Amino acid sequence: MSSSMRRRLVAGNWKMYGSVVRNQPLLEGMAAQAGSLREVDCAVCVPFPYLSQARAQLKDSVVGWGAQNVSERAEGAFTGEVSVSMLADFGCRYVIVGHSERRSLFGESDELVAAKAEAVLQNGLTPIVCFGESLDEREKNVTEAVVSRQLDAVISRIGAAGLGNSVVAYEPVWAIGTGKMATPQQAQAVHAFLRNKVAALDAGVGEQLTILYGGSVKGANAAGLFAMNDIDGGLIGGASLDLAEFMAICEAADR
Ligand code: PGA
């Protein structure tokens with residue numbers, strides 16, 4: 001299959017930024033401008049308190065919305081946690097799981113990330129499962145070993161079939177929020193590696209898997225990334241807080 005047959009996605013990750021007042025024009029602009037996109041899906045993952053606002057402002061648009069984290073548990077006495085069914089209640093289509101900030105700052109293990117991905121799938125939502133190496137790991141030449149280990153944990157829990165209903169994001173930790181984007185060739189190499197690993201288990205799932213790149217993507221550097229055969233879109237942090245930048249990235253993905 002050629003890359004043009006895979007579904008493309010550009011998803012914003014607002015992280016812990018926003019306010020009702022600041023979100024309003026951003027969501028309104030996305031809803032208005034995304035309608036002209038043809039070949040790319042567009043979504044935004046917002047902090048939990050703004051899911052209601054995202055739904056209200058995006059429900060009549062082509063823009064999907066989702067969360068940045070979720071509990072792996074269904075319900076119970078788990079103070080402060082949010083379940084997948086709660087996200088479904090707010091019309092979420094996507095949930096980011098295993099973002100490197102969750103792994104490194106909040107101690108999420110490969111196994112916990114896999115359990116979260118499984119919970120998301122069980123509720124019919126789409127996990128955006130993140131993988132990536134640190135600068136130290138890249139310099140030690142263990143990038144493939146690290147992303148392999150992270151991917152294997154997910155595969156052992158949800159199988160290739162589960163990945164068929166998931167989106168994967170490759171986000172080198174050293175490129176996140178640093179302004180140091182991976183070169184298109186560096187990203188492509190890891191994307192192809194991940195795709196080949198999945199394809200070895202299930203050729204069809206490997207070929208159709210949407211693999212996003214994340215890490216310092218901007219309007220100005222997006223086209224070079226999206227020109228690579230195995231890069232099917234982006235997971236966008238900082239630039240997703242700026243309407244013009246975010247829409248420029250979406251347009252770059254819309255061949
Ligand atoms: P960035 O973040 O675009 O600000 O580098 C990407 C991410 O963390 O998903």
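What you see is a predicted model; the values in this text were computed from it and never measured. First listed ligand is number 1; within each ligand, the first listed atom is number 1.
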Interatomic spacing from CG in L58 to CE in M30 - rounded to 0.5 Å: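 Result: 6.0 Å between the selected atoms.
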Does [X], backbone or side chain, put an N or O under 3.5 Å from an N or O of ligand 1?
X	answer
T178	no
G237	yes
A239	no
I176	no

Numbered atoms and elements of ligand 1 in range of G177, under 4.0 angstrom, heavy atoms: 1 (P), 4 (O), 5 (O)
Atoms in ligand 1 with a heavy atom of K15 nearer than 4.0 Å: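 Answer for ligand 1: 2 (O), 7 (C), 8 (O).
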Which segment of A175 sits under 4.0 Å of ligand 1 when only heavy atoms are counted: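 Within the 4.0 Å criterion, A175 contacts ligand 1 through backbone atoms alone.
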Ligand 1 versus N13: contacting region, heavy-atom distance under 4.0 Å: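 Side chain only; the backbone of N13 stays clear of ligand 1.
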Nearest neighbour in protein (non-hydrogen) for atom 4 (O) of ligand 1: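 Heavy-atom neighbour on the protein nearest atom 4 (O) of ligand 1: G238 N, 2.8 Å.
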Closest protein heavy atom (residue, atom, distance) for atom 9 (O) of ligand 1: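 Of every protein heavy atom, E171 OE2, 2.7 Å lies nearest to atom 9 (O) of ligand 1.
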W14 with V20, same ILVMFWY side-chain cluster at under 4.5 Å: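 Looking at the clustering, V20 is in the same group as W14.
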ILVMFWY network linking F226 to F246, side-chain heavy atoms under 4.5 angstrom: yes
Pairing residues for D202 by the side chain to side chain donor-acceptor pair (under 3.5 Å) criterion, not counting sequence neighbours: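 D202: no side chain to side chain donor-acceptor pair (under 3.5 Å) contacts found.
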Test side chain to side chain donor-acceptor pair (under 3.5 Å) applied to Q188 and D230, step by step: CA-CA 6 Å; Q188 163 61 26; D230 291 294; 2.7 Å; yes
Donor on one side chain, acceptor on other, Q68 and H99, under 3.5 Å: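 Not at all, the side chains of Q68 and H99 share no donor-acceptor pair under 3.5 Å.
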Ring pair (Phe, Tyr, Trp, His ring centres under 6.0 Å) against Y170, all qualifying residues, sequence neighbours excluded: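 By the ring pair (Phe, Tyr, Trp, His ring centres under 6.0 Å) rule, Y170 matches H191.
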Over 12 non-hydrogen atoms of neighbours within 6.0 angstrom of OH in Y17: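 No, OH of Y17 has 12 or fewer neighbouring heavy atoms, counting only those of other groups under 6.0 Å.
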Proximity flag S216 to ligand 1, non-hydrogen atoms under 4.0 Å: yes
H99 heavy atom under 4.0 Å from ligand 1: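 Yes.
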